[in-house]
Amino acid sequence: MTILRHEMKSGFGAMLIWSVALSIFAIIALAMYPLVANYSDMINFLVERMGLMGQMFNLQNMNFYEFMTYYGLEYGNFMGLGGGMFAAVTGMVMVAREEGRHTAEYLFSQPISRGSVLIQKFIALILLVTLLNVFCTVVSLIGIGILGQTFSRDAFIWFHISLLLMNLQVAVLCFGISCFKKRDNVVPGLGIVLAFYFLNLFINVNRQTAVLEYLTPYYYTDITRITAAKGPLWRSIGIGFASSGALLFAGFGYYLRKDLSI
Amino acid sequence: MIETTRLTKRYGRARGIDDLSIRVNRGDIYGFIGSNGAGKSTTIRLLLGLIRPTAGSAKVLGLDIIKQKKEILAGVGYIPSEISYYPGMRGVDAARMAQRIRRVACEAEARRLADRLSLDMSRKVTDLSFGNKKKVAIVCALQHKPDLLILDEPTSGLDPLMQKAFWDIILERHRQGATIFLSSHVLSEIQQHCTRAAIIREGRLVVEDEVHALARTSAKRVTLRNVQGAMPEIRGARDLAQVGNTVSFLVQGEAMQLLEDLSHGSFDDLTITEPDMEEIFLHFYEKEEVRA
């Protein structure tokens with residue numbers, strides 16, 4: 001478990017910074033809710049007239065009288081993008097940096113199999129992404145408690161499980177890609193997150209492209225879809241994880257046999 | 001301890017090593033010599049399982065380099081020519097991480113080695129000079145007392161005093177039973193310490209033998225002092241150098257022929273010595289070049 005401990009130690013600081021930053025956004029969003037609730041009639045009225053923009057963010061299906069609708073939209077946006085970016089950046093560099101920063105020779109000249117290194121790094125990635133989500137969820141819960149807001153406990157749990165799974169799917173995908181790379185470049189990871197995000201906006205605008213829902217994990221973190229389905233969108237989640245998992249296994253297989261560039 | 005059989009590594013069309021067959025016996029201090037890009041580091045990386053061979057096979061400590069990589073690495077200490085550590089890591093962290101992965105408690109030995117090398121293990125590795133980073137690598141490679149030491153340019157970056165301290169430690173380990181595989185550009189180091197050596201050129205083995213046998217099979221250095229008159233013609237003489245009336249040259253061939261040629265000249269003193277490692281290296285390299 002030496003590599004796991006090492007990765008947790010190296011990644012913990014960054015995870016904490018991201019968690020605090022995203023929690024600040026959560027607190028700001030929660031603090032603004034009383035104002036939004038006071039003007040919910042007007043917001044609903046405006047949303048109906050937003051046209052394409054409202055459609056893009058799936059706003060016309062949202063009822064701003066509902067706390068969870070507001071919370072899901074705000075928290076889903078910054079946690080979806082922010083958490084997704086953390087997962088992508090962390091996943092993208094975790095394996096590739098050994099070669100990119102020339103530490104592979106030190107690590108792999110120790111008696112440890114590449115498989116064990118990959119598994120320990122992968123566990124560390126899953127733990128870091130989960131800790132980030134847990135941290136932000138706990139801060140949100142505390143904020144909601146202070147606000148004295150009532151909310152659907154089930155919808156809250158489904159939503160946060162979906163967000164966590166979305167972050168994990170991005171992490172799995174980027175970890176798989178990282179196995180193929182020799183340089184710890186985070187740009188492709190960030191590109192993937194943005195591509196997923198905008199693909200979801202595109203699906204919202206053009207319902208004919210709903211088949212693309214399986215390509216973007218942002219689809220299953222939409223609060224209106226979760227509440228309508230009365231639970232996480234397991235089919236989308238399953239297909240998303242199956243495709244990311246396939247890339248992960250391919251990456252594992254490749255890394256076990258590849259020539260390390262020193 | 002190390003045996004390669006027609007070991008080959010190609011990087012696409014580029015050559016790494018070609019048909020390399022060498023044998024390092026238990027207790028050897030084995031020198032591995034070659035110019036830059038000759039394939040020394042490629043061979044070492046193959047032996048450590050960092051890269052996979054294109055063809056051929058190799059055994060280290062009697063174990064297969066592909067199937068039993070982890071077991072091999074447990075018995076090997078490796079000092080790379082250049083090494084990078086994780087950001088923020090101190091020397092002591094690098095040594096401890098290696099101890100934890102190896103599951104051996106050898107902190108006392110690590111401290112002892114650091115003391116002998118005058119290394120402050122509490123400093124961050126990123127703040128250390130190249131030579132001090134090399135010392136950290138030495139501590140990491142030797143702390144668990146491996147049976148086989150693979151050293152790639154181990155003394156580069158070390159000052160002469162540290163080079164001596166390093167060799168004292170290595171020879172001590174050798175006396176305790178360790179086998180040493182040394183890749184080095186410092187030919188005097190090979191000549192001074194190695195029992196056997198191999199010369200590699202463009203990925204191919206040029207020669208492998210006992211160091212003293214390599215010296216025997218190559219040219220002799222002849223020095224004539226106080227040469228008077230014209231220098232006699234010496235058949236097969238090369239690398240001729242004259243300082244005042246002292247003449248020095250390399251010659252290879254029959255001793256009687258040399259004596260006959262020398263008898264035509266006049267000089268006060270004659271010394272015939274074994275060539276140094278550099279001359280042996282150049283001799284075999286030139287011979288191989290002619291053959292190519």
Side-chain angles (χ1 to χ4, degrees), chain A residues 1-17 89-90 93-121 123-125 128 178-180 182-184 186 252-262, chain B residues 9-12 16 41-42 44-54 61 63 66-89 93-104 125-126 133 136-137 140-141 143-144 146 149-152:
Chain A
M1 291 294 106
T2 308
I3 306 301
L4 173 61
R5 194 184 335 183
H6 170 73
E7 291 297 340
M8 288 303 290
K9 204 173 147 189
S10 333
F12 196 81
M15 187 276 293
L16 214 56
I17 291 168
V89 168
T90 313
V93 301
M94 200 163 253
V95 179
R97 73 171 169 219
E98 297 296 347
E99 289 175 89
R101 297 179 195 176
H102 310 291
T103 49
E105 197 166 27
Y106 165 73
L107 178 61
F108 291 107
S109 61
Q110 310 296 337
I112 186 163
S113 69
R114 291 191 197 181
S116 173
V117 169
L118 286 181
I119 288 167
Q120 291 187 54
K121 279 177 176 279
I123 294 171
L125 174 65
L128 287 170
S178 182
C179 293
F180 290 99
K182 289 182 185 227
R183 297 282 170 266
D184 53 338
V186 299
F252 262 57
Y254 175 77
Y255 200 82
L256 294 181
R257 298 178 63 84
K258 80 185 277 195
D259 286 346
L260 293 172
S261 73
I262 307 294
Chain B
K9 178 67 188 175
R10 291 194 192 94
Y11 299 99
S41 293
T42 298
I44 289 176
R45 284 166 191 165
L46 282 164
L47 295 176
L48 294 171
L50 298 172
I51 55 176
R52 291 169 72 90
T54 311
L61 304 170
L63 304 164
I66 296 173
K67 293 176 191 148
Q68 292 158 299
K69 211 167 13 180
K70 192 174 157 188
E71 291 80 359
I72 289 173
L73 293 171
V76 170
Y78 169 51
I79 302 175
S81 55
E82 284 179 43
I83 192 155
S84 296
Y85 298 93
Y86 297 105
M89 207 176 213
D93 300 325
R96 271 188 201 142
M97 189 167 171
Q99 288 163 21
R100 287 196 193 111
I101 293 174
R102 290 180 180 278
R103 295 171 196 219
V104 286
V125 183
T126 40
K133 275 186 196 162
V136 175
C140 291
Q143 59 180 348
H144 58 286
L149 282 166
I150 296 181
L151 319 174
D152 192 1

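Lettering of chains follows the sequences in order, A, B, ..., and the numbering in each one begins at 1.
- Between the side chain of A:Asp259 and the backbone N or O of B:Leu50 there is no donor-acceptor pair closer than 3.5 Å.
- Here B:Arg96 contributes atom CZ and A:Thr2 contributes atom OG1; the two are 13.0 Å apart, rounded to the nearest 0.5 Å.
- Open room surrounds CZ on A:Phe12; 12 or fewer heavy atoms of other groups in view lie less than 6.0 Å from it.
- Of all the listed residues (A:Met1, A:Glu98, A:Lys258, A:Arg97), the one sharing the greatest number of non-hydrogen pairs under 4.5 Å with chain B is A:Glu98.
- Taking both residues in full, the closest heavy atoms of B:Lys70 and A:Ser113 are given as CD-N, 4.0 Å, listed atom of the first, atom of the second, then distance.
- Scanning both residues, A:Leu260 and B:Ile51, for their nearest heavy atoms gives O-CG2, 3.8 Å.
- Nearest approach of B:Ser84 to A:Arg101, heavy atoms of both residues: CB-O, 3.5 Å.
- Summarising the geometry of B:Arg102 relative to A:Gln110, their closest heavy-atom pair is NE-OE1, 3.3 Å, with the distance given to 0.1 Å.
- Residue B:Glu71 does not touch chain A at all, counting heavy-atom pairs closer than 4.5 Å.
- Taken to the nearest 0.5 Å, the CG atom of B:Leu48 stands 13.0 Å off from the CZ atom of A:Phe108.
- For B:Tyr85, the parts sitting under 4.5 Å from any heavy atom of chain A are the backbone and the side chain alike.
- Residues B:Arg100 and A:Arg5 have side chains in contact (heavy-atom distance under 4.5 Å, counting atoms from C-beta outward).
- Heavy atoms closer than 4.5 Å to chain B are found in both the backbone and the side chain of A:His102.
- Taking the six-membered ring where the residue is Trp, A:Tyr106 and B:Tyr86 present perpendicular rings, their angle passing 60° and hence far from 30°.
- Chain A forms the most heavy-atom pairs under 4.5 Å with one residue out of B:Ala94, B:Gly88, B:Gly49, and that residue is B:Ala94.
- Only the side chain of B:Arg45 comes within contact range of chain A, with heavy atoms under 4.5 Å apart.
- Contact annotation for B:Ala137: neither backbone nor side-chain heavy atoms come within less than 4.5 Å of a heavy atom of chain A.
- Between B:Lys69 and A:Arg114, the closest side-chain pair of non-hydrogen atoms falls below 4.5 Å.
- At least one side-chain heavy atom of A:Ile3 sits under 4.5 Å from a side-chain heavy atom of B:Ile101.
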